[in-house]
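These notes are about the structure you will find just below.
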There are 2 protein chains.
Amino acid sequence: MIDPLQFFKCLADETRLKSLILIHSEGELCVCELMEALEEIQPKISRHLALLREHRIVLDRRQGQWIYYRLNPELPDWAKSVISETTQSNPAYIKANLKKLCCMGDRPERAKSCC
Amino acid sequence: MIDPLQFFKCLADETRLKSLILIHSEGELCVCELMEALEEIQPKISRHLALLREHRIVLDRRQGQWIYYRLNPELPDWAKSVISETTQSNPAYIKANLKKLCCMGDRPERAKSCC
DNA sequence: ATCAAATATTCGAATAAACATATATATTAA
DNA sequence: TTAATATATATGTTTATTCGAATATTTGAT
């Protein structure tokens, strides 16, 4: 299982930390949603998600053209708990980003629930 | 209070993470004890402790020639909890270091309890 | 089969973090 | 006051991380 040091290194970058918190808040998000919420270019989002995926902190699934990222449910409890508590106790940290996500037009959400 | 990103950056280095976990396990430790437990040179330990102190993750107190570091009791609960859970759930991560601390001769511990 | 959209990956450059060495400060003991 | 011990800090260098730009891959629609 994941080493605590590697785990915290994964959280020690703004793009990755915010992505994780947003993914945890929303359940599942795709790259274009994170681009909008964080106002970052696509390769930057993808690169950081790839790192989280390599460390098995998130899992991905493809649905059509979109790739959805979610927390790995097999993360050790302590690691899940770090993410949960950080999310719950720091709503201000991602408030503006959640807002941008909400206001986003044409979210691929609908596709998510169908099929 | 401390920003989650800054907090995780502080944990994302082996010397700092192990120092924090050891300090949390032992209550209070001085630089020379951490040097022994982590087998690192003094300026390296001091530098990393200084960073933790600047972010108010630890507090220090001088007692004679020694400076003891402890967790800041005013850390937000979520941050305390991150440190506690990480410590409790990863005993193997610092096992060898705790052993070295135990075996250390001439620990300034006695001074700690007197006065 | 071609094109557009979403995402991934590669690569060289820029930035930041960590390091070892040297030196400074503070305390205690002689 | 001098010497020794514990710790802190300053400095130049090395190493690690992050970045944007360019390109590749995959999928769905035409």
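Chain naming here is simple, since letters A, B, ... match the order of the sequence lines and numbering starts at 1 in each. As the structure is a computational prediction, the values presented were derived from the model and not from experiment.
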- Item | Rounded distance in Å - CG (A/L52) to C1' (C/dT9) | 16 Å
- Item | Under 3.5 Å donor-acceptor, A/R16 side chain and A/C10 backbone | yes
- Message: By nearest heavy atom, map B/Q65 and B/E54 onto DNA chain D; which one lands nearer the 5' end?
- Response: B/Q65
- Message: Within the 4.0 Å limit for protein heavy atoms, which parts of nucleotides 11-22 of chain C are touched? Write it as a string from 5' to 3', B for base, S for sugar-phosphate only, - for none.
- Response: ------SSBBBB
- Rounded to whole angstroms, how far apart are CD on A/E36 and P on C/dT7? 12 Å
- Evaluate the criterion salt bridge (charged side-chain N to carboxylate O under 4.0 Å, His left out) for residue pair B/E14 and A/K9; output intermediate values, then yes/no. CA-CA 10 Å; B/E14 183 167 23; A/K9 280 189 179 181; over 6 Å; no
- Note on the structure: Among the nucleotides D/dT9, C/dA8, D/dT7, whichever has the atom closest to the side chain of B/C32 is D/dT7
- Distance-minimising heavy-atom pair for B/M104 and B/C32: CE-O, 3.9 Å
- Message: Rounded to whole Å, please give me the gap between OH in B/Y68 and C1' in D/dA6.
- Response: 11 Å
- Message: Listing request: all ring-ring contact (aromatic ring centres under 6.0 Å, His included) pairs with a residue in residues 38-60 of chain B, at least two apart in sequence or in separate chains.
- Response: none
- Query: A/Y69 OH to C/dA6 C1': how many Å, rounded?
  - Reply: 11 Å
- B/D60 CG to D/dT7 C1', in whole Å, measures 11 Å
Hey, can you pull the donor-acceptor pairs under 3.5 Å for the side chains in residues 74-82 of chain A, sequence neighbours left out?
from: A/K80; atom 1: NZ; to: A/P73; atom 2: O; distance (Å): 2.8
from: A/S81; atom 1: OG; to: A/E85; atom 2: OE2; distance (Å): 3.0
from: A/S81; atom 1: OG; to: B/E85; atom 2: OE1; distance (Å): 2.8
from: A/S81; atom 1: OG; to: B/E85; atom 2: OE2; distance (Å): 2.8

- Note on the structure: Between B/L34 and the options B/L29, B/L101, B/N97, the side-chain contact (heavy atoms from CB on, under 4.5 Å) test singles out B/L29
- Over how many whole Å does the gap from A/W66 atom CH2 to D/dT26 atom C1' extend? 13 Å
- Rounded off to whole Å, could you give me the CD-to-P distance for the B/E14 and D/dT15 pair? 18 Å
- Please give, in whole Å, the distance from C/dT7 P to A/L49 CG? 10 Å
